[in-house]
Engineer: 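First the structure, which I've put down as structure tokens, then a few questions once you've had a look.
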Amino acid sequence: MTQQKTLSRSSYILLICCIAAIGGFLFGFDSGVINGTVDGLRTSFNSDSAGTGFNVASMLLGCAIGAFFAGRLADRFGRRTLLIVAAVFFLISAWGSGVADSSMEFVLYRILGGLAVGAASVMTPAYISEVAPSAYRGRLATIQQVAIISGLFMAFLSNYVLAYVAGSATSELWFGFATWRWMFWIELIPATVFLVALLFIPESPRYLISTGSQSEARRVLGLVMPERDVSTKIDEINATLNQDHKPRLSDVINRTTGKVHGVVWVGIGLAVFQQLVGINVVFYYGAVLWQSVGFSEGDALLINVISGAVSIGACLLAIALIDKIGRKPLLLGGSIGMAGTLACLSYAFSTASMVDGSLRLSDDMGVFALLSANLYVLFFNASWGPVMWVMLGEMFPNQMRGSGLAIAGLFQWLANFGITMTFPIMLASIGLFGAYGFYAISAVASVFFVIYLVKETRGKELEEMAYE
């Protein structure tokens, strides 16, 4: 009977974590769908390289705002409530991005979608970390990255299929609408599923305790842990929350020294380095990148699908390892692997020659670049991709989890915006060799960051997390 209850409890925890992780799927889909629409946006809105860069990167401004305010709003209204609001925003953005008739209108809808992505990016790992037992919290939190990559993969796959059916992203598809518009509208399906499913999951017990809802927190904890442990867990959570005030943004400041707590700086570093290695250039501009070195639109979109499949496999590897060997070893191995593969990519692009006004790689170098790119994607998604989100969701003490996530999330999306916005400019000024050289140097720097500043969190209860 006890074993049956344990199995039932584990199944329930997995179910609610998977529902929360649909936010990650939409995060990935919304981020990846833009990849196949760049030509359509450029043609429909007559935008130059800078304008195209802003159309692509505009969502990230909303992401930064959404990530920053979501943590604080979640401390006031709840993790589940913020996820529901994000689901509504996903729906509006997906529809609006497809119907937009101008860059301004498109940007407004993309920023709205960015608010949803930013909120989901910090609330999903926080929610999962707060309902998952420490013994397999890392594996459950890694579901977020699997969901993100699955969303990217499905966006790449649907973009490829729609472009194949229509002939190109700019061709008309159904009911007289261009294919790139349908690429956005496909997102309405998972966004609707997310909104409905969220109505059936409970609120985070740690949030409930922070707001004084002890009886409801006791009920929820009874669903995710043995009844005999509930009272002890409630006492532990209460002990880590300062009872003189509710969680607030100023909790990131050390009251004694007046300085920002060290754990916040580490969180910011994790968030920024995850973007400085250039992964979202592959996700957002993959089709443009491969077309720029001689691949056709169809082949470029197919390469994206392959990269998405590799990413999912890498995330599954991370799930198998994260609670066995820990977070820090995965980060370190990923940094070293990315530094090497990015250096290889930079070298491959340095050999490209101009043919009829366009860059071209030799057949051998094209294969070398493809292998290097997919190895790079593998290293990222087996390490920094999932581990950063796992650590941000668990490394902050209970009192400042919302605020710490808000600040780290803000920096993560600002760095994402900076990398995404500057790629077309770097492509035009220093070329792919220079751009990927910069990302390789950033990966090398991340090795030293992990060695000297990142602390292991494997196996620790959230109530054990320290401020420094």
Side-chain angles (χ1 to χ4, degrees), residues 125 138 141-142 145 148-149 262-283 307 310-311 313-315 317-350 368-369 371-395 408-409 411-416 418-420 422-423 426 430 432-458 460 468:
T142 305
Q145 184 65 17
I148 292 171
I149 297 305
V263 68
V264 178
W265 288 115
V266 175
I268 291 172
L270 285 168
V272 171
F273 271 117
Q274 195 211 43
Q275 294 304 309
L276 289 181
V277 296
I279 190 64
N280 281 317
V281 168
V282 175
F283 290 154
S307 295
V310 170
S311 298
C315 285
L317 178 63
I319 288 178
L321 296 177
I322 193 166
D323 284 324
K324 293 181 179 179
I325 68 173
R327 286 66 162 147
K328 188 168 181 174
L330 284 177
L331 288 175
L332 186 58
S335 291
I336 295 171
M338 287 189 296
T341 51
L342 283 167
C344 290
L345 273 171
S346 182
Y347 169 72
F349 292 137
S350 73
F368 180 68
L371 289 174
S372 297
N374 280 294
L375 280 173
Y376 160 65
V377 166
L378 188 150
F379 277 115
F380 176 85
N381 285 295
S383 60
W384 279 82
V387 175
M388 186 213 73
W389 292 113
V390 170
M391 293 201 71
L392 290 186
E394 68 185 10
M395 67 189 289
F411 276 88
Q412 198 266 351
W413 288 111
L414 288 176
N416 193 332
I419 291 296
T420 305
T422 56
F423 177 70
M426 295 173 75
I430 61 177
L432 290 171
F433 165 72
Y436 277 82
F438 171 78
Y439 305 144
I441 292 171
S442 297
V444 171
S446 73
V447 171
F448 297 97
F449 171 78
V450 172
I451 291 173
Y452 293 109
L453 294 176
V454 174
K455 295 182 180 179
E456 184 59 69
T457 56
R458 177 171 66 104
K460 291 185 177 181
E468 299 300 341

Engineer: Count the heavy atoms of every other residue, nucleotide or ligand shown that sit under 6.0 Å from CZ of Phe449, and state whether that count exceeds 12.
Structural biologist: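 More than 12 within 6.0 Å, yes.
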Engineer: Quick one, Gln275 and Gln412 - any side-chain contact, counting heavy atoms below 4.5 Å?
Structural biologist: yes
Engineer: NZ/Lys324 to CG/Leu330 distance, rounded to the nearest 0.5 angstrom?
Structural biologist: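 The CG atom of Leu330 is 12.0 Å from NZ of Lys324, to the nearest 0.5 Å.
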Engineer: Which atom names give the shortest non-hydrogen contact between Cys344 and Ser372, and what distance separates them?
Structural biologist: CB-OG, 3.4 Å
Engineer: Do you know which of Ser442, Ser383, Ser446 makes side-chain hydrogen bond (donor to acceptor under 3.5 Å, both in side chains) with Ser335?
Structural biologist: Ser446
Engineer: So, applying side-chain contact (heavy atoms from CB on, under 4.5 Å) with Tyr376, which one of Val310, Asn381, Leu371, Val277 is it?
Structural biologist: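 When Val310, Asn381, Leu371, Val277 are each tested with Tyr376, the side-chain contact (heavy atoms from CB on, under 4.5 Å) holds only for Val277.
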Engineer: Please check this pair: side chain of Arg327 against backbone of Met391, looking for a donor-acceptor N/O pair closer than 3.5 Å.
Structural biologist: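 Here the side-chain-to-backbone pair does not exist.
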Engineer: If you compare all heavy atoms of Ala445 against all heavy atoms of Phe273, which two are closest, and at what distance to 0.1 Å?
Structural biologist: CB-CE2, 3.8 Å
Engineer: Please report the closest heavy-atom contact between Ala314 and Leu378, naming both atoms and the distance.
Structural biologist: CB-O, 3.4 Å
Engineer: What orientation do Tyr347 and Phe368 show, parallel under 30°, tilted 30 to 60°, or perpendicular over 60°?
Structural biologist: perpendicular
Engineer: Is it the case that the side chain of Lys328 and the backbone of Ile451 share a donor-acceptor pair, with hydrogens and angles ignored and the cut-off at 3.5 Å?
Structural biologist: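 Confirmed, Lys328 side chain pairs with Ile451 backbone.
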Engineer: Can you tell me if Trp384 uses its side chain to pair, donor with acceptor, with the backbone of Gly334 under 3.5 Å?
Structural biologist: no
Engineer: Rounded to the nearest 0.5 Å, what separates atom CG in Leu414 from atom CD1 in Ile268?
Structural biologist: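 Going from the CG atom of Leu414 to the CD1 atom of Ile268 covers 10.5 Å.
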Engineer: Please find the pair of heavy atoms, one from Leu392 and one from Ala408, that lie closest to each other, and give the distance.
Structural biologist: CD2-CB, 3.8 Å
Engineer: Report yes if the distance between the aromatic ring centroids of Tyr439 and Tyr436 is under 6.0 Å, otherwise no.
Structural biologist: yes
Engineer: Is there a side-chain contact (heavy atoms from CB on, under 4.5 Å) between Leu270 and Leu331 once you walk through the steps?
Structural biologist: CA-CA 10 Å; Leu270 285 168; Leu331 288 175; 3.9 Å; yes
Engineer: For residues Leu345 and Thr341, determine if any side-chain heavy atom of one lies less than 4.5 Å from a side-chain heavy atom of the other.
Structural biologist: no
Engineer: For residues Leu276 and Phe438, report the shortest heavy-atom separation together with the two atoms involved.
Structural biologist: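 That closest heavy-atom pairing would be O-CE2, 4.3 Å.
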Engineer: Nearest 0.5 Å, please: how far is CE in Met338 from CZ in Phe380?
Structural biologist: 6.5 Å
Engineer: Nearest heavy-atom pair of Ser346 and Gly437: which atoms, and what distance?
Structural biologist: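 So the two residues come closest at OG-N, 3.6 Å.
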